[in-house]
Amino acid sequence: MAEHYSSFQRGGTRWLLQRVTAVFLIGVLAFHFFLLHFVNHASEITFMGTQARMSQFGYFATMWLFLVTATFHGVNGVYNALINQGLEGTRKNAVKWLLVLASLLLIAQGTRVAIAMTNLV
Amino acid sequence: MYEHDVIVVGAGGAGLRAAIAAHEEGADVALVTKLHPVRSHTGAAEGGINAALHEEDSWELHAYDTMKGSDYLADAPAVDTFARDAPEEVINLEHWGMPFSREEDGTVSQRPFGGLSHPRTTYAGAETGHHMLHTMYQQVVKRGIEVYDEWYVTNLAVTDHDDPEDRQCHGVVAYEIATGEIEGFRANDGVILATGGPGQAFDHTTNAIANTGDGAAMAYRAGVPMEDMEMIQFHPTTLPSTGVLISEGVRGEGGILYNDEGERLMYEYGYANNAGELASRDVVARAELTEVNEGRGIEDEYVDLDMRHLGEDRILDRLENILHLAEDFEGVDGLEEPMPVKPGQHYAMGGVECDENGETCIDGLYAAGETACVSLHGANRLGGNALPELLVFGARAGHHAAGRDMKEAEIQTGYSAKSEDGDVEPPVEPGAVGASGEDAAADGAVVDADQVLEHTIERERQRIEDLMEGDGLNHAEVRSEVQESMTANVNVFRQEENLREALRDIRHARERYEDVSVSDPSRTYNTDLIHTIETRNVLDVAEAIALGALARREFRGAHWRAEYQERRDEDWIKHTMLAWNDGTPELYYKPVLLESQWKEYEPKERSY
Amino acid sequence: MSTQTEPESETEIEESEAAATETESAVESPGDRRRREKQERATEREAERAEAEETLDEEETVQIKVFRYDPEVEGKQEPRFDDFHVPFFKGMTVLDALIYARDTYDSSLTFRHSCRQAVCGSDALFINGRQRLACQTQIADLDSETVRVEPLPHQDVVKDLVVDMEHFYDQMDSVEPYFDADELPEDDETQRQTPENREKVKMSTRCIWCGACMSSCNIAAEDNQYLGPAAINMAYRFAMDEREGEIRKEDRLKIVEQEHGVWRCQTQFSCTEVCPKDIPLTEHIQELKREAVKSNLKFW
Amino acid sequence: MSHSYDRGFIEDFGRWREFSAGMWAWIFHKFTGWVLIGYLFTHIAVLSTATASDPAVYTDTLQGLEALVIVRFLEVGLLAVAVFHILNGVRLLFVDLGVGLEAQDRSFYASLVLTGAITVASVPTFIGGVLA
Ligand SMILES: Cc1cc2nc3c(=O)[nH]c(=O)nc-3n(C[C@H](O)[C@H](O)[C@H](O)COP(=O)(O)OP(=O)(O)OC[C@H]3O[C@@H](n4cnc5c(N)ncnc54)[C@H](O)[C@@H]3O)c2cc1C
Ligand code: HEM
Ligand code: SF4
Ligand code: F3S
Ligand code: FES
């Protein structure tokens, strides 16, 4: 019977990753918000402050992972939502690649920005 | 025109089993059914399926119980075949995944049931019928058997030889409900009728609204006799407003019946001083009705079934579904107040005459399930014996129709099996009003299969045209007239005068039916039309029941006559048969076979 | 006890016949009195009923607003709601009201129904804003002056309250809805199943194919390929049945794992809420998601 | 899905009035998810000012934005959105694990209430700078 359904892609991986990233995001998002709005008030943010934080390896890595997981989680969520709306066929494929492209750009740009924020360059 | 080897009409338990059986034989089989298969009324059965599975049990004991339960009106070959095949059929069902209730060791549970000498009722919770129906439908899907659902079979395509025993069935004509299309279904090897019970002949019944006795009426008009139609089982505890069944379990657990004066009627009036509420179905039903007739009924209609004293815990534990039923269908909270109950029509022991292989006297026409009368249940059906009947005789009909080589039937069918002329004097002419058209066979010219179908299609087309034309009476008026009269007059208590009254009412209704027309002009899902055609069938079946009841002048099993309060074995161990006779019904008798190839039965008093 | 002997009823009948013929008999026995009273009450009720029919005022009637549509009949091609006033009785269900309206006022009013006891699944309708079985819905419980009855949302309407169920049946069929064990015992032996395992699948076997769940699910409404709660529950019923065996279970998981299978469920819970058979659909879907992930993890 | 008839406003505008807890949760979660991913994109865009050769651009942009009252309010909104998404996300994670299914409606209401409370509590911190 398996070949009968081979045209279907198993959707379990993305489902699972959506949950795993969510678990990770709970912590990081809360931390992020708390740090940048409560501890360091947003209006007092300066490049200096940012640079000081980003230059710590642990913080940098966390923020970068935050970026990647959030992008995956968000974009995958949007893609799922569109399938739920009954998106099909070529349009579905087009949307899929568009979203992949957007995520890659976002991650690339985000990474560039992040590196610019450190005192490494 | 569609063409298949075997056409099964009806997809309840009997139809599905027959289709699977024919498919097992390699036949190209199709199910034609007015309801989607899973909507069939087999799904309503609660209690269970009897089969001798235990080592300490035996098919002989099951056969003995069945014969005794039938009050010696069953045919021994049918009873024995049934009891022998039932275990295998139940095992089949298990192999198909039926979710039977289980014992700790993983084997199928069996529980005791009324009238059984051994606990041999297999069950699946309180929804045995539902599971059986679905399990078999699943197998139909698995085998890829063609299902034409929401196709209403309006008539059988039968050659019009003079003698019904020369006739041959070549298929059916059906009407697609969604589109209004009329089509012929040619059956190369056989047509199996499995259209279920005739409960709608009564206005208070546990049967579904779709149980209108279509198959029985169609076969009857095609020339197959109806057998023992007077044998109708009434269930003592049904909800007054809907007829929904309140299972015997409530009384089993200790529920008590009270009349309007708050008396425990079963004891107070001595209906059953030993067994009380647990007396057999017919006794309790008669007791309740006597109370009502005596003016001690509540709102002159029902009595109360009280289970409050059992305590909330016990009720929730064992009778939870009863609480839901009372709440959903009667608006009564069984924990707070007693539940109103009254007797309701439940099961028809009689039906289309056929033999152990399901074959009727018309070549190529079979019947199975509640619509058929192999004569297994005789004058009274034991609880849990109907579902295995669907399996055993459904399978046999399927196999035989598909050409399996089976032993010759011991039961004789057709007018030639007659032993005695009937002696009934109805107060009015029974049968067709101005026998013509659909009610009588034509000139005997049409015998070729395709021609027979064409001819029948044409006739059905014309009939539907006629019904759709003009503006006359709504069939619902006629239907309720018959139903009310049947419940009032051919109920648990039967008196000569009432039976005559019923026949007069039916005649009146038949005459009114001549003026009926369908007011919905649509071809799309026209249920008005379908119900109008059904009402015609209800009329024929109701009349047969009333005629049989008038003819049988004794008290046997479910059939109680005010004038004759005894079982009269010397005269009445015989089947009441009714032949349509092209519109002028003829009553006759045929002998009951108390001997089969394996055993012989001696009539005994039916006491429990 | 014997069913053959019933002395008391014989005399009662004779009595009642006597009573019927000699109505002007001087001495009235208690039985006669009761019967006479009964007769009187019956006449009274009949009179009351006749009166009631004449003056059907709002107190003892319910108003049902029913969706009407027929592609063929002029005047019904444009969907509309019709009002019917139906006399109310205790225990009346929405189905009773519909039947009354059809048989008394308009025989073209069309809806599916059969069993009247919530087992055939024919009459799932949208009643006062929720998917319910008409036969299982007490009008008194709706606590509302008018009852609004519509066909199941998100399904094509064939006519009046009848919707096209084909798509629902297709989805059911697509999960291979039949028992198919890896191996079976001898012909004369049953398979074993632990009571625990039966208990586990019990709720899932209760589905009556009414389609209420599917109609209530927003995802199923938008994504036509989504298997839907009922079909997934059907798959659950077999996948969790230990009698089928591991190989078959793998295959079954593959079916529900497809893109338009379990992953589409967004745990809206409305299916679970409307199911007339109280099947915990969301729970079953979620369990299958986990099972599917587990079985995939094995190969990583 | 094609309809062979027009059910008028019922089908067009949905039956939101009849939605139950689980459906609202789905709608809110969806909405908040979209807002968040939308924010992520803009956020990165704004932060891109950091790549300019002059660090002052970054500082000025951020402080300039923060000086706007509307941005402060939007931030409160963002917090509300994020908090709800997190809380309901946790609820969904439990549902995925099959835990507390019977309480799914109550846990949704709890998420709403908590979101409201946290949002209100955060207002002083957010608005503080500009209004004071
Ligand atoms: C409430 C209740 C409880 C019961 N409990 C038990 C029990 O516990 N144990 C037991 O053994 N028995 C029980 N019975 C009896 C038993 O369930 C029935 O006798 C049996 O189910 C009848 O099955 P069937 O296949 O003959 O008919 P049904 O299941 O009624 O099926 C009839 C089929 O025929 C089709 N049909 C009818 N007319 C036409 C037509 N004109 N054209 C096309 N198709 C047509 C219908 O669509 C349907 O598919 C119970 C019965 C009731 C009512
Ligand atoms: C912080 C903790 C977060 C948790 C616990 C969380 C949880 C979840 C979960 C469980 C889902 C899946 C819902 C489903 O498929 O049924 C989801 C969907 C989604 N999430 Fe998150 N999420 C979090 C953060 C984020 C962030 C930071 C973003 C944005 C970048 C985001 C954007 C989305 C989007 C767009 C969806 C899809 C919504 C839809 O169905 O339309 N989430 N979230
Ligand atoms: S799961 Fe429940 S709601 Fe859905 S079809 Fe089955 S019985 Fe109806
Ligand atoms: S309503 Fe739909 S989204 Fe899932 S929980 Fe039920 S299938
Ligand atoms: S009529 Fe059968 S479920 Fe309502």
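Chain naming here is simple, since letters A, B, ... match the order of the sequence lines and numbering starts at 1 in each.
In this structure, chain C has a heavy atom under 4.5 Å from the side chain of B:His531, while its backbone stays farther away. Proximity to chain B is limited to the side chain of C:Met165, based on heavy atoms less than 4.5 angstrom apart. B:Arg479 does not touch chain C: none of its heavy atoms, backbone or side chain, sits under 4.5 Å away. With a threshold of 4.5 angstrom between heavy atoms, B:Ser40 does not approach chain C through any atom at all. When heavy atoms are compared at a cutoff of 4.5 Å, C:Glu199 does not approach chain B at all. Interface remark: C:Arg206 contributes backbone and side-chain atoms alike to the contact with chain B (heavy atom separation under 4.5 Å). For C:Glu186, the part lying under 4.5 angstrom from a heavy atom of chain B is the backbone only. At a 4.5 Å heavy-atom cutoff, the contact between C:Arg116 and chain B is made by backbone and side-chain atoms alike. Heavy-atom distances place the side chain of B:Glu127, and not its backbone, under 4.5 Å from chain C. Only the side chain of C:Thr93 comes within contact range of chain B, judged by heavy atoms closer than 4.5 Å. Only the backbone of B:Phe100 comes within contact range of chain C, with heavy atoms under 4.5 Å apart. For chain C, the nearby part of B:Asn207 is the backbone; its heavy atoms alone come within less than 4.5 Å. Of the atoms belonging to C:Asp106, not a single heavy atom falls under 4.5 Å from chain B.
Using modelled atom types and a 3.5 Å distance limit, the side chains of B:Arg143 and C:Tyr178 yield no donor-acceptor pair.
With respect to chain B, the highest number of heavy-atom pairs below 4.5 Å among C:Glu244, C:Glu196, C:Arg243 belongs to C:Arg243. Among C:Ala118, C:Gly121, C:Pro185, C:Ser114, the residue with the largest count of heavy-atom pairs under 4.5 Å with chain B is C:Ser114. Taking chain B as the reference chain and counting heavy-atom pairs below 4.5 Å, the highest number among C:Glu189, C:Gln138, C:Lys202, C:Lys76 is found for C:Gln138. Of all the listed residues (C:Ala140, C:Cys210, C:Cys135), the one sharing the greatest number of non-hydrogen pairs under 4.5 Å with chain B is C:Cys135. Contacts with chain B were tallied for C:Asp141, C:Thr194, C:Ile208; C:Ile208 has the most, counting heavy-atom pairs under 4.5 Å. Listed options B:Ala210, B:Ser101, B:Pro87, B:Ala44 were ranked by heavy-atom pairs under 4.5 angstrom with chain C; first place goes to B:Ser101. If you tally non-hydrogen atom pairs under 4.5 Å between each of B:His130, B:His134, B:Glu330, B:His41 and chain C, the highest count goes to B:His130. When the candidates C:Thr190, C:Asp241, C:Val119, C:Val162 are compared by the number of heavy-atom contacts under 4.5 Å with chain B, C:Thr190 comes out ahead.
For C:Leu184, the side-chain contact (heavy atoms from CB on, under 4.5 Å) test picks out B:His95, C:Ala181, C:Gln191, with sequence neighbours left out. Contacts of C:Asp103 classified as side-chain contact (heavy atoms from CB on, under 4.5 Å), with partners at least two apart in sequence or in another chain: B:Ala476, C:Ile99.
Using a 4.0 Å cut-off between charged nitrogen and carboxylate oxygen, C:Lys90 and B:Glu299 do not count as a salt-bridge pair. Ionic pairing of C:Arg112 and C:Asp123 is not present here: no N-O contact between side-chain nitrogen and carboxylate oxygen is shorter than 4.0 angstrom. A salt bridge links B:Asp569 with B:Arg567: at least one charged nitrogen is closer than 4.0 Å to a carboxylate oxygen. With respect to B:Asp520 and C:Lys159, a salt bridge is recorded, a charged nitrogen being found less than 4.0 Å from a carboxylate O. Looking at B:Glu150 and B:Arg39, no side-chain N of the basic residue comes within less than 4.0 Å of a carboxylate O on the acidic one, giving no salt bridge.
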- Message: Is there a side chain to side chain contact (heavy atoms under 4.5 Å, CB included) between C:Phe89 and C:Asp96? Walk through the geometry before answering.
- Response: CA-CA 10 Å; C:Phe89 60 84; C:Asp96 292 330; 3.7 Å; yes
- Task: Output, in order, the C-alpha distance, side-chain angles, deciding distance and verdict of side chain to side chain contact (heavy atoms under 4.5 Å, CB included) for B:Gln565 and B:Trp560.
- Result: CA-CA 7 Å; B:Gln565 304 248 335; B:Trp560 186 96; 3.0 Å; yes
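Taking the six-membered ring for Trp, B:His36 and B:Tyr137 have ring centres closer than 6.0 Å.
The shortest non-hydrogen separation linking C:Leu161 to C:Val66 is CD1-CG1, 3.8 Å.
B:Arg561 pairs with exactly one of B:Glu496, B:Glu497, B:Glu554 by the salt bridge (Lys or Arg N to Asp or Glu O under 4.0 Å) rule, that one being B:Glu496.
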